[in-house]
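By convention here, the first residue in the shown sequence is residue 1. Worth knowing before you read on, the calculation uses all heavy atoms, side chains too, and leaves out hydrogens, waters and symmetry mates.
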Amino acid sequence: MKVLAFDTSAIATSVAIVDDGKLLAEILLNTSLNHSVTLMPTIDFLMAQVGLKPKDLDRIAVSQGPGSYTGLRIAVTVAKTLAWTLKIDLVGLSSLEAIAARVKENTVVIPLMNARRGMVYAGAYRSGQSLIEDQHIELSKFLPTLSSYDNLIFTGDAEMFVEEIHLVFLDAKIIMDAPENLPSAFDLARIASHREPAENIHDFNPIYLKKVEAEEKWEEASGLVADDKDLVSRV
């Protein structure tokens with residue numbers, strides 16, 4: 001199975017092509033360049049380098065969220081367009097799971113993404129299994145929920161919260177350097193090879209875990225609460 005995978009949920013752009021679990025090519029751009037400018041040229045370049053054409057692909061894998069609204073919309077739109085046009089499977093995975101997958105140790109991994117104003121996107125994983133559901137939460141409220149776990153490893157944007165983490169978990173390991181604290185499209189593709197594809201590509205949407213800014217401003221101005229049952233936005 002040939003899988004094209006990509007992640008643009010944060011600053012970094014990660015793209016990989018995998019064939020039956022074997023990495024054929026991977027590129028990681030850890031820059032602040034606009035994903036709308038970099039994603040498709042990166043995909044085209046990798047496909048050309050490994051001698052593949054779009055019709056050779058069997059599956060598209062993409063980080064579905066949480067993360068940057070713009071980054072998620074770009075990645076999901078490209079993924080849906082490719083999967084629909086090529087009539088192949090589309091699999092979405094958690095951006096936090098993709099970050100946690102970098103850590104190969106058999107322990108509890110805590111991927112964090114900075115959501116600003118003291119908020120984070122956070123979850124807990126061990127060996128690819130979710131222990132605590134991905135959520136948008138204040139870091140100060142999330143850390144106590146980890147008290148029953150030992151040998152914690154924090155990654156992702158954890159380097160931004162070293163002081164807060166060590167106040168609660170003095171001996172916790174914090175992964176500080178790229179690429180180990182960034183999502184890997186290779187791991188994304190590897191995991192997606194064994195996941196069920198989306199049943200309906202048209203209904204496949206980013207998972208933001210929080211309201212978009214426009215909804216928040218509307219609620220503030222109107223005094224009403226928007227319907228955020230699934231906290232997704234159509235693209």
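- T77 places no side-chain N or O within 3.5 Å of a backbone atom of I74 that could act as its donor or acceptor partner.
- With salt bridges taken as basic N to acidic carboxylate O contacts below 4.0 Å, one links E97 and R195.
- Within 6.0 Å of CD on E133 lie no more than 12 heavy atoms contributed by other residues, nucleotides or ligands.
- For residues 136-150, the pairs satisfying salt bridge (charged side-chain N to carboxylate O under 4.0 Å, His left out) are E138-K141, with sequence neighbours left out.
- With hydrophobic clusters built from ILVMFWY side chains whose heavy atoms lie under 4.5 angstrom apart, I153 does not share a cluster with M176.
- At a threshold of 4.5 Å between side-chain heavy atoms, the hydrophobic network of Ile, Leu, Val, Met, Phe, Trp and Tyr places L167 and F142 in two separate groups.
- Contact of the K173 side chain with the V109 side chain is not registered, since no non-hydrogen atoms from C-beta on lie closer than 4.5 Å.
- In terms of heavy-atom proximity, N30 sits nearest to A178 at ND2-CB, 4.0 Å.
- Residues M1 and R59 meet the side-chain proximity criterion, which asks for heavy atoms closer than 4.5 Å.
- With S147 contributing its side chain and P144 its backbone, the two residues share a donor-acceptor pair below 3.5 Å.
- Residue K104 qualifies as enclosed at atom NZ: its count of foreign heavy atoms under 6.0 Å is above 12.
- Checked against side chain to side chain donor-acceptor pair (under 3.5 Å), S36 has the following partners two or more places apart in sequence or in another chain: N34.
- Counting heavy atoms from C-beta outward, L182 and L28 have side chains that approach closer than 4.5 Å.
- A salt bridge does not link K80 to D203: none of the charged side-chain nitrogens sits closer than 4.0 Å to a carboxylate oxygen.
- One finds the CG atom of L23 at 9.0 Å from the CD1 atom of I17 (value rounded to the nearest 0.5 Å).
- Judged by distance alone, with hydrogens and angles left aside, the side-chain atoms of S9 form no donor-acceptor pair with the main-chain N or O of S95 at under 3.5 Å.
- Under the 4.5 Å side-chain criterion, counting only non-hydrogen atoms from C-beta, I110 is in contact with L146.
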K53 and D56: CA distance, side-chain angles, deciding distance, salt bridge (Lys or Arg N to Asp or Glu O under 4.0 Å) verdict | CA-CA 5 Å; K53 298 185 181 301; D56 298 321; over 6 Å; no
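- The shortest side-chain heavy-atom distance between F161 and N114 falls under the 4.5 Å cut-off.
- Residues satisfying the ring pair (Phe, Tyr, Trp, His ring centres under 6.0 Å) criterion with F186, sequence neighbours excluded, are absent altogether.
- When each of T70, T13, T42 is checked for a side chain to side chain donor-acceptor pair (under 3.5 Å) with H35, only T13 meets the rule.
- There is a side-chain donor-acceptor pair under 3.5 Å between S94 and D134.
- Across L39, V78, V15, a single residue satisfies side chain to side chain contact (heavy atoms under 4.5 Å, CB included) together with T8, and that is L39.
- Contact detail for M113 and A10: the closest heavy-atom pair is CE-CB, 4.1 Å.
- Counting non-hydrogen atoms of neighbouring residues, nucleotides and ligands closer than 6.0 angstrom, the CD1 atom of I11 reaches no more than 12 such neighbours.
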Would K210 and Y69 count as a side chain to side chain contact (heavy atoms under 4.5 Å, CB included) if you check the C-alpha gap in whole Å, the side-chain angles of each, and the deciding distance to 0.1 Å?
-> CA-CA 10 Å; K210 70 182 290 290; Y69 294 137; 3.0 Å; yes
Going through the distances and angles, do L57 and V3 end up as a side chain to side chain contact (heavy atoms under 4.5 Å, CB included)?
-> CA-CA 6 Å; L57 296 173; V3 182; over 6 Å; no
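- Among S184, S14, S63, the single residue meeting the side chain to side chain donor-acceptor pair (under 3.5 Å) criterion with D7 is S63.
- Clustering ILVMFWY residues whenever any of their side-chain heavy atoms sit less than 4.5 angstrom apart, transitively, puts L96 in a cluster other than the one holding I174.
- In plain terms, the two heavy atoms of L143 and I165 that are nearest each other are CD1-CA, 4.2 Å.
- Counting heavy atoms from C-beta outward, I60 and I88 have side chains that approach closer than 4.5 Å.
- Between K2 and D19 there is a salt bridge, since a side-chain N of the basic residue sits under 4.0 Å from a carboxylate O of the acidic one.
- A donor-acceptor pair under 3.5 Å is absent between the side-chain atoms of R126 and the main chain of N106, judged by distance alone.
- The structure places OG1 of T85 at 16.0 Å from NZ of K55, a figure rounded to the nearest 0.5 Å.
- The CD1 atom of I132 lies 7.0 Å from the OG atom of S148; values are rounded to the nearest 0.5 Å.
- Residue V108 comes nearest to A124 through the heavy atom pair CG1-CB, 4.3 Å, listed as atom of the first residue, atom of the second, then distance.
- Between H136 and Y121, the ring planes are tilted. Angles from 30° to 60° get that label.
- Annotation: the span from N151 atom CG to D171 atom CG amounts to 9.0 Å, rounded to 0.5 Å.
- Counting only heavy atoms from C-beta outward, the side chains of L112 and L139 approach each other to under 4.5 Å.
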Checking side chain to side chain contact (heavy atoms under 4.5 Å, CB included) for the pair V18/L24: CA distance, chi angles, key distance, verdict?
-> CA-CA 5 Å; V18 172; L24 299 183; over 6 Å; no
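- When side chains are defined from C-beta on, L46 does not count as touching L52, because their heavy atoms never get closer than 4.5 Å.
- There is no path of hydrophobic side-chain contacts, each under 4.5 Å, that joins Y149 to Y125.
- Residues A198 and F204 approach most closely at CB-CD1, 3.8 Å, considering heavy atoms.
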Using the side chain to side chain donor-acceptor pair (under 3.5 Å) rule, take N181 and T155 through it: C-alpha gap first, then chi angles, then the decisive distance, then the call.
-> CA-CA 5 Å; N181 63 348; T155 187; 5.8 Å; no
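- The line from CG of D187 to CD1 of I99 is 11.5 Å long, rounded to the nearest 0.5 Å.
- Here CE of M119 is found 7.0 Å from CD1 of I137. Values are rounded to the nearest 0.5 Å.
- Grouping the Ile, Leu, Val, Met, Phe, Trp and Tyr side chains by contacts below 4.5 angstrom, directly or via other members, places V50 with I43.
- Nearest heavy atom pair, residue A172 against residue H166, reads O-NE2, 3.3 Å.
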Checking side chain to side chain contact (heavy atoms under 4.5 Å, CB included) for the pair H202/W84: CA distance, chi angles, key distance, verdict?
-> CA-CA 9 Å; H202 288 295; W84 174 256; 3.7 Å; yes
